[in-house]
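Worksheet: one structure, shown below.
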Amino acid sequence: MFEKVLIANRGEIALRVARACRELGIKSVAVYSSADAESAVVRFADESVHIGPPASGRSYLHIPSVIGAAQKTGADAIHPGYGFLSEDPYFAEICANEGFTFIGPKPEVMEKVGDKATARELMQKAGLPLLPGTVDPVATADDARTIADEIGYPVIIKAVAGGGGRGMTVVWKPEELADAYRATRSTAQVVFKDSAVYIERYLQAPRHTEIQIVCDEHGSGVYFGERDCSVQRRHQKLIEEAPSIHLTPEMRKEIGEKAVNGALSVGYTGAGTMEFLLDQDGNFAFMEMNARIQVEHPVSEMITGVDLIQEQIRVAAGEPLSVAQDDVEFQGHAIECRINAEDPERDFVPTAGRLETYVAPGGPWTRVDSHCYPGWMVSPFYDSLIAKLIVWAPDRERAIDRMRRALAEFQISGRGVKTTIPFHQEILADAQFRSGDVTTDFVEHFMAARQSETAAAAG
Ligand code: MV4
């Protein structure tokens, strides 16, 4: 096992990783920008190193500074968290070359799954279900037209280098295809410096259902069930839950085994997520693979009782997974609300500022993953996630009730600081959400209905 792990991240996930290290008896090293000098992880970790100014390009994304901190402190591994350098194969390679274990998959595997068309091809070969479409990038507008005619409309054009919802165009009619093809390519070139695109059948109003897996270096892989992440706005997830109430145990086993097989077939090691769309008839379609631990991993931990960060560290150290598939039991229901410093009344603009009040909820089956405390300065330099509130209960209805209770206890205030807490309360009170009949267009419809209610009340 490692003796010392450097955490190349900030915020709640840096603290989450430091806690896992402490429980495993591993020393932790925090790195921090000037904006994060007073952060909780700097105090919690065994050591800390200042790596640069607030701008992430000059601190958390600046590879020489991160590697320098690892050298200076004699760390033997680097945990990248999520975001920042977590899915950068080049960073993983530098870690290896400098003698540090990157806590994640091998660079060449990361590179393969990071290319959406390659991932699609590899996962199809491994037997995962896919939507009709191409596995090779589409070379010309004429080819695009021919392919779309075969697939049938609507279709979606996606950037090979895209992900997380960026660089996609839905095309409803053949006449619109050539323009959409050219527009997506040029956007992809500008945004991702790679103009390659592929085409898929477009699925309207699906559920976003993702499978958590962890694979070790001994050829074993385990799935930790699925998460439903359909409650999202502009590709930013707001609420995640596990399990999905739309799966039977048989469906869970089938898609879980397929996800693990797919990952093992490409030599994947570490924690990862296979993202699928789930249609109204219960059909899965593989979308992309995320080669990192995700924000919403706690809901999977809550229903399985397994610490996924500890598993991730264990397998990176070359140890076998601590659990076999048969040991993983799914119990009850967990929900996570992302508490962001944003103003839902002003199109969710980030609201940076100093927290005057910060009182986290407690009580039974209530977990708060956060780096915040009274007096903490929420910085405009980073993403606006300030806390994750996670609850568990024997069933979904009681989990929702518990979440409403916990959200009501949560007190966060500061000059100019608004949070998504009241918005979560509204969603949790919504009859459609409570029924579980939620697809990826839920928030959009919810917002529209909310708008017209406000207008009616004012009128
Ligand atoms: C799709 C789709 C419908 N059909 N692909 C968005 C994120 C990226 N990972 C995949 N995305 C989508 N791909 C086909 N063929 C709809 C989406 C999509 C979506 C997916 C998951 C969660 C929210 C979403 C919101 C809009 C569109």
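Model, not experiment: these values are computed from the prediction. Numbering of ligands and ligand atoms starts at 1, following listing order. Sequence positions, counted from 1, serve as the residue numbers for this chain.
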- Query: Is NZ or CZ of R396 both nearer than 6.0 Å to the six-membered ring centre of F433 and within 45° of the ring axis?
  - Reply: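 Yes.
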
- Query: Does NZ or CZ of R120 fall inside the cone over Y198's six-membered ring, less than 6.0 Å from its centre and within 45° of the axis?
  - Reply: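 The answer is no; the distance or angle limit is not met.
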
- Taking the six-membered ring for Trp, are W365 and W392 parallel (under 30°), tilted (30 to 60°) or perpendicular (over 60°)? tilted

- Message: Contact between R201 and I151 at the side-chain level, heavy atoms closer than 4.5 Å - yes or no?
- Response: yes

- Cationic N near anionic O, under 4.0 Å, E240 to R338: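 Salt bridge: yes.
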
Report all N/O contacts between ligand 1 and the protein shorter than 3.5 Å as a table of atom names and distances to 0.1 Å; if there are none, say 'none'.
residue, atom, partner, partner atom, Å
ligand 1, 4 (N), L203, N, 2.9
ligand 1, 5 (N), K158, NZ, 2.9
ligand 1, 9 (N), E275, OE2, 2.6
ligand 1, 9 (N), E288, OE1, 2.9
ligand 1, 13 (N), K158, NZ, 3.1
ligand 1, 15 (N), E200, OE1, 2.7
ligand 1, 15 (N), R201, O, 2.7

- Query: Would you say the side-chain atoms of T440 and Q232 include a donor-acceptor pair closer than 3.5 Å?
  - Reply: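 Their side chains do not contain a donor-acceptor pair, so the 3.5 Å distance test is not met.
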
